[in-house]
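Order of listing sets the numbers, starting from 1, for every ligand and every atom in it.
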Amino acid sequence: MTTLGEALIALLEAHGVDTVFGIPGVHTVELYRGLARSGIRHVTPRHEQGAGFMADGYARAGGRPGVAFVITGPGLTNTITAMGQARADSVPMLVISGVNATATLGKGLGFLHELPDQRGMMEKVALFSERITEARQLPGVLARAFALFSSARPGPVHIEIPTDVMVKPAEGIAAVRGNAAPPAPAQAAITEAARLCEAAERPLILAGGGAKRAEAALRRLAEALGAPVVETANARGLLHRHPLCVPASASLKSVRALMADADLVIAAGTEFGPTDYDGYGDGGFVLPPRLIRIDIGADQIARRPATVGIEANCTEAIEALLPAIGSGHAPASGGAARAAAARQAARAELRPDYLAQVRVVETIRDALPGAIIVGDSTQPIYAANLYYDHDRPGGWFNAATGFGALGYGPPAAIGAALAVPEAPVVCLTGDGGFQFTLPELGAALDAEAPVIFVVWNNRGYREIETSMLDVGVEPVGVSPAPPDFCKLAEAYGIGAERLAGVAGLAEALRRARATGKPRILEITIG
Ligand SMILES: Cc1ncc(C[n+]2csc(CCOP(=O)(O)OP(=O)(O)O)c2C)c(N)n1
Ligand SMILES: [Mg+2]
């Protein structure tokens, strides 16, 4: 007999899932019956938040949904933070959990891992949460999840299976093959947008995380229009070193000036989130008056309305827009000069300490070309989110923007390394953030994920201390003592080096990469 738990694994395989991140418990052992025999790799984090963050890093780096298996109750509450992060950054994530036996649900009888209303809790953060009660529901629920991931604005989805349902017979259950595609761009919107593009003398493109897989199309549009391309944190890596690239935050005065000077702004795959556009909370960001928005979701476009909204994925929208712009249209002159001036002014705007930190990140990039750099909320990541030109599309993401969950970096980097084994993966984390998810070092070893953990050790929550000092608050609670990271590495059997400052960082990175194993490089600051 095939059980429902076994059928679920077979369906996941049919949907192309090759890795799940999970911690089993008595409520999910029946999910593992099928897993052991399948081709799916199981990676065990040391905490379910790690499972969620690994699934997130796996999805962002590899472009395929990340899958987590967790137990009911605490396994799922431990995963919520990662789901919040995935929701904020539109990361496709499937979280599959157990739940107590159907007859006990909602009665408050105190069963192991019981929550008052697990699905109700999930519905607040997931795109949808569905309980499986019958085997025949499985294909449809999975098809719905994967259709959402491939055709709409992605995010976390939750499926729960009661323990009494997991063991039900499930013969002859086959996957529903979806052909879900993103909405095709409406011709009327394309025509109107093309007219605006033709009339523009100082066009500008804003690229967000939704554009990170649209590099070739974006480059052609930028060049056809002569438009500088300003990139949010999640878009960095696009158009590396291109004369039109402005890898700087729209929270900077000089970038805002560039935007204000434009007579047409084309926003591709950006929600205009305040952590990118109003990072200092000064309210100084205003939506451009002449605005074309390209977004996969009509509801997203409606939140910050545009002159023209194109509901489509970025590549398809741009590929429809380009031929609609008259073949005689010449690129605006001066685009590269506007971009160069903005780059220079943006860099000059950085505080000297931030500029030094940006140089640290540039050292990492130049030592390991094509690396994926996964960041936590630490000073050099904040600095580089303000200004930094990464060299790999989709290869720069971190928790210092959007939801901003501290501790994201280390597990997300492990997920990234498993998704893209050929790329060097660097986790850049502070001493404070690293302590949130330190035990995942063990998971990196188990899974043979050769992540290079670069620890920016300034002995405390320094960016928060600075925020307190800036507003005259006497710093309290910002100096948690860090452990000896090199001794910790030793305890795990992981190699480590301590660097006093950044001298020698490039060589240390290359040495780390050559080992092909996880490694800690601790940079002691001050
Ligand atoms: C879950 C969570 N808790 C608290 C915070 C607030 N927070 C943001 S950055 C930070 C300090 C991080 O310290 P560290 O990793 O050492 O980086 P540093 O600022 O010292 O470079 C804190 C506490 C957060 N973003 N997320
Ligand atoms: Mg610190």
Between CD1 of Ile294 and SG of Cys314, what distance do you get to the nearest 0.5 Å?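 Atom-to-atom, Ile294:CD1 and Cys314:SG are 5.5 Å apart.
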Quick one: CG on Asn100 to NE2 on His27, what's the gap to the nearest 0.5 Å?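 These two atoms lie 3.5 Å from each other.
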Sequence neighbours left out, what pairs pass salt bridge (charged side-chain N to carboxylate O under 4.0 Å, His left out) with at least one residue falling in residues 419-448?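 Of all non-adjacent pairs touching residues 419-448, those that pass salt bridge (charged side-chain N to carboxylate O under 4.0 Å, His left out) are Arg46-Asp446.
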Classify the side-chain pair Glu522/Asn457 by whether it contains a donor and acceptor separated by less than 3.5 Å.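 Their side chains do contain a donor-acceptor pair, which is all the 3.5 Å distance test asks for.
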By ring pair (Phe, Tyr, Trp, His ring centres under 6.0 Å) - contacts of Phe397 (at least two apart):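 Residues passing ring pair (Phe, Tyr, Trp, His ring centres under 6.0 Å) with Phe397: none at all.
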Using the six-membered ring of Tyr58, assess whether NZ or CZ of Arg64 lies under 6.0 Å from its centre and within 45 degrees of the ring axis.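 The answer is no, since Arg64 fails at least one limit relative to Tyr58.
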Would you call the rings of Trp396 and His390 parallel, tilted or perpendicular if under 30° counts as parallel and over 60° as perpendicular?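 Because their plane-to-plane angle lies in the 30° to 60° range, the rings of Trp396 and His390 count as tilted.
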Look at the aromatic rings of Phe69 and Tyr32 and report parallel, tilted or perpendicular, splitting at 30° and 60°.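 Ring orientation of Phe69 relative to Tyr32: perpendicular.
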Counting only heavy atoms not in Tyr354, do more than 12 fall under 6.0 Å of its OH?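 Counting other residues, nucleotides and ligands, OH of Tyr354 exceeds 12 neighbours.
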Could you name all protein N, O or S atoms found under 2.8 Å from the Mg ion (ligand 2)?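 Those protein N, O or S atoms (cut-off: under 2.8 Å from the Mg ion (ligand 2)) are Asp431 OD1, Asn458 OD1, Gly460 O.
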Mind checking what residues have non-hydrogen atoms under 4.0 angstrom from ligand 1?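 Lining ligand 1: Ser377, Thr378, Gln379, Tyr382, Gly404, Leu406, Gly430, Asp431, Gly432, Gly433, Phe436, Trp456, Asn458, Gly460, Tyr461, Arg462, Glu463, Ile464.
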